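For reference, the structure discussed in these notes is given below.
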Amino acid sequence: MSLQSLNQPQLEAVLHTEGPLLLLAGAGSGKTKVITHRVAHLVGEKRVNPEQVLAVTFTNKAAREMQARVAALVGSNKAALIQVSTFHSLCSRILRADIENLGYKRNFSIYGASDQQRLIKTIMDQLSPEHGLKADSILWKISDAKNRLLSPEKFGPIMKGDVIGEMTQKVYPEYQKSLKSYNAVDFDDLIMLTVRLFNEHPDVLARYQERFRYIMVDEYQDTNAAQFSLMRALSGKWGNFCVVGDDDQSIYGWRGADPGNILDFERHFPGARTIKMEQNYRSTSNILNAANTVIKHNVKRKDKVLWTAGNSGEPLGVVRCIDAEDEARAVIDRIHYDIRSKQMAYRDHAILVRTNAQTMVFEQELRFADIPYVLIGGQQFFDRKEVKDAIAYLRFIVNPYDEVNLLRILNYPRRGIGRTSADLLIRTSIASKDPLWQVIRRARSITGISAKVADALDKFVRLIEEHKGWFRGGSGLARTARELLEAVGLEAELRRDRDPREKIERRIENVQEIVNAIATYEGREAKPSLTGFLEKVALLDRDEPGSDSKEKKLAKDAVVLMSLHSSKGLEFPHVFMPGFEEGFLPHKKSVSENVDVDEERRLCYVGITRAREKLTILHADARMKYGKAEPRELSRFLAEIPEEVRQEEARAGSHLAEGNENASLSDMLAKLMGEGAE
């Protein structure tokens, strides 16, 4: 493996293999290249056993890309032995082997958001039928607690008047008890339970410490308290712990990420070496100068300055618009210009918004202009109702203690088992302390269950038991799944809906696609199992619709419309950042709730550094709110961009109106800075 393509800091990072290492990798500085070369150097040059190398990242996409690059450097045989995974898949693998130490069975289910919400709602209704609260609010509180490793016993105290917190304090312990009784865990449990496993069973921790002698974590600035504790424990014996990240791109505080993990790395791991990667291979110097001067206003950060050996490029365009529609048309005019004059493609353009509400007007105007576009986000494939209904059957066959999915399929498709009968079965299960499935199997002996319902339940039990045997018999996962779904009658049930035929056919195709997905999985795995497939489904990135649709969308020749948060890790020749106003960027919550705006500034920095050749910033004088035009104020971040790297651009196809709209951008920024805006 040649190291000649690496610059000096990259080379130092690859060769420094022993002890803790903090690699501060600025935007576009080639961090993935460094990680993969470092892994290859360990395995190829230092003759480290590939099974003793662990590389952890946040998304399946990043893990797949890393694995592929390592394979290209060391060969597929060695690469296959290296553990490259996400936090959740790593912990899932550990728990599948050792969770019995915590009183769970190895065939546990992993509950996604909809399963969690159904369970939480049931618990809330039992605790307080008139609560009037949303399950997702309680779920968010529980998730935040788990990210901070707070068990139900440690959760609280609750501030007086915090209704959601008070309900969470009641629900959280019951939620955990229910999960365990169903032999199920949620995503946050995967990490929290692994940390607990290591704390309570040092022998298990010692085994994994011995195995993973060299550990690397990508995007370390996005780790939360639970992930930090996990990695600190795993790296405790050998200390060969390399983290790669950029505190300036820490933008997920709202979901528990703690930038302090990277800012205090040297304190957490004494003797750590720090290497800065500041050479950018993506953007022009004008774009980098804008990013550097904006982010330096944050005080709590590791000092670094991005630079490039390339040219200065075009100045940043700043466009003042009348309103949201005018803003969207200004973007469209510039896309048309790039395509006509610069021979650029539609996919070379990205519109990055701070809030999802901003996308509507762009979708409307892009359609009107007949410009193809893709919206990154939206409903995920495995979150669609018909898909979840089908998957529920598979999950229950694997785990008969999974009562959330059992109740989902008990009368779907409709088989005459009404709510009254279901309630009776549940009450019998609670009274007898028997699992619900055992109660259903002897339903005919329960007083109050009619002969008709008992017949339906008997037929349901036979259907489940028969196909459970087929799955165990090794007759083919995809074929058995297809036969199960046909026997269940999902397609016939979908055809009974009164929706338009196109929608119904699309839903039927989605159910059929599950069988295709199982067949694909079966063809790729050496030892395929239904449990293995369901684990793959559960661990799919929640920000990636399906497994590959995000990549497929980005491959199309279409303008990309997405949030600033979703844009992290991507790059485009021409980036548009509309809504450069107070209330959007920084977001109104950061200002109105007197929250530190550092993370909003980091989000701005991320958006700026997505641009390779051209960045266009847009802002409006007014926007509609509740049917009335509301004046807007320039973002403080615009005042932080040096005048020499930006240029005011007129709205395409029109002239600014008379009066106050003729005020120059420089005058407006000077006024903003004079008022003490940071």
Side-chain angles (χ1 to χ4, degrees), residues 109 111-119 121-122 375 377-399 402-422 425 437 440 452-453 455-468 470-471 476-522 530 533-534 536-538 540 542 544-549 552:
S109 298
Y111 277 16
S114 61
D115 292 329
Q116 292 173 271
Q117 288 177 17
R118 285 164 65 94
L119 178 54
K121 185 179 185 305
T122 299
L375 178 64
Q379 190 178 32
Q380 302 179 12
F381 177 76
F382 286 101
D383 277 343
R384 299 181 186 277
K385 181 186 181 302
E386 64 274 11
V387 175
K388 293 190 74 66
D389 289 332
I391 292 293
Y393 275 91
L394 302 177
R395 283 181 171 157
F396 179 69
I397 281 177
V398 166
N399 178 13
D402 187 348
E403 294 186 1
V404 166
N405 281 304
L406 171 55
L407 290 171
R408 185 183 189 110
I409 64 177
L410 185 60
N411 195 43
Y412 189 86
R414 287 164 285 185
R415 48 178 62 93
I417 306 169
R419 181 68 191 175
T420 301
S421 298
L425 293 168
W437 181 236
I440 290 173
K452 184 177 180 182
V453 171
D455 289 343
L457 289 169
D458 285 345
K459 186 176 180 181
F460 175 65
V461 169
R462 287 196 301 272
L463 183 147
I464 295 296
E465 293 294 349
E466 181 180 25
H467 287 86
K468 185 185 293 185
W470 290 356
F471 276 114
L477 295 181
R479 186 177 69 183
T480 303
R482 184 181 66 251
E483 292 170 351
L484 168 66
L485 297 179
E486 288 174 354
V488 164
L490 279 182
E491 180 175 336
E493 183 72 16
L494 289 171
R495 291 197 184 280
R496 278 197 283 268
D497 287 347
R498 295 182 179 181
D499 285 335
R501 182 179 176 183
E502 297 77 16
K503 277 190 176 182
I504 292 173
E505 293 300 331
R506 192 156 55 241
R507 289 170 187 158
I508 291 171
E509 288 173 2
N510 287 337
V511 173
Q512 294 169 347
E513 190 61 32
I514 296 169
V515 177
N516 296 338
I518 295 174
T520 301
Y521 161 81
E522 205 170 4
L530 185 55
F533 171 75
L534 292 173
K536 293 279 187 184
V537 171
L540 280 173
R542 284 164 281 182
E544 293 182 26
S547 56
D548 299 311
S549 65
K552 289 178 180 177

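This structure is a prediction, so every number in the text was calculated from the model and none was measured.
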Partners meeting ring-ring contact (aromatic ring centres under 6.0 Å, His included) with F533 (sequence neighbours left out) =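 With sequence neighbours excluded, F533 shows a ring-ring contact (aromatic ring centres under 6.0 Å, His included) to Y521, given in chain and number order.
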Sequence neighbours left out, what passes ring-ring contact (aromatic ring centres under 6.0 Å, His included) with Y412? Give chain and number order.
->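 Y412 satisfies ring-ring contact (aromatic ring centres under 6.0 Å, His included) with no other residue.
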Looking just at side-chain N and O atoms, do E513 and N516 make a donor-acceptor pair shorter than 3.5 Å?
-> yes
Which atom pair, heavy atoms only, marks the closest approach of [X] to [Y]?
X	Y	answer
I417	A456	CG1-CB, 4.0 Å
I409	A392	CG2-CB, 3.5 Å
R415	L410	NH1-O, 2.8 Å
A390	I514	CB-CD1, 3.4 Å
N411	G416	OD1-N, 3.2 Å
I504	R495	CG2-CA, 4.1 Å

Interatomic distance, [X] atom [atom1] to [Y] atom [atom2] [nearest 0.5 angstrom]:
X	Y	atom1	atom2	value
E491	E509	CD	CD	10.5 Å
L530	K468	CG	NZ	11.0 Å
L485	H467	CG	NE2	8.5 Å
E403	L119	CD	CG	10.0 Å
R507	E493	CZ	CD	11.5 Å
S109	L534	OG	CG	8.0 Å

May I ask you to test the [X]-[Y] pair for a side-chain heavy-atom distance under 4.5 Å?
X	Y	result
L394	I391	yes
N399	R395	no
K388	R408	yes
I464	Y393	yes
L463	L484	yes

Determine, stepwise, if the pair D389 / K385 fulfils salt bridge (charged side-chain N to carboxylate O under 4.0 Å, His left out).
-> CA-CA 6 Å; D389 289 332; K385 181 186 181 302; 2.7 Å; yes
Heavy-atom count around R419 CZ within 6.0 Å, excluding the residue itself: above 12?
->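 Atom CZ in R419 is not packed in, count stays at 12 or less.
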Neighbour count >12 (heavy atoms, 6.0 Å) for atom NZ, K121 |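 Open: at most 12 neighbouring heavy atoms sit under 6.0 Å from NZ of K121.
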For the residue pair F460 and F396, categorise the inter-ring angle as parallel (less than 30°), tilted (30 to 60°) or perpendicular (more than 60°).
-> parallel
Between D458 and R462, is the closest basic N to carboxylate O distance under 4.0 Å?
-> no
Are the charged groups of R479 and E522 less than 4.0 angstrom apart, N to O?
->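 So R479 does not pair with E522 through a salt bridge.
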With sequence neighbours excluded, residues passing salt bridge (charged side-chain N to carboxylate O under 4.0 Å, His left out) with D402 |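 Once residues adjacent in sequence are excluded, D402 has no partner under the salt bridge (charged side-chain N to carboxylate O under 4.0 Å, His left out) criterion.
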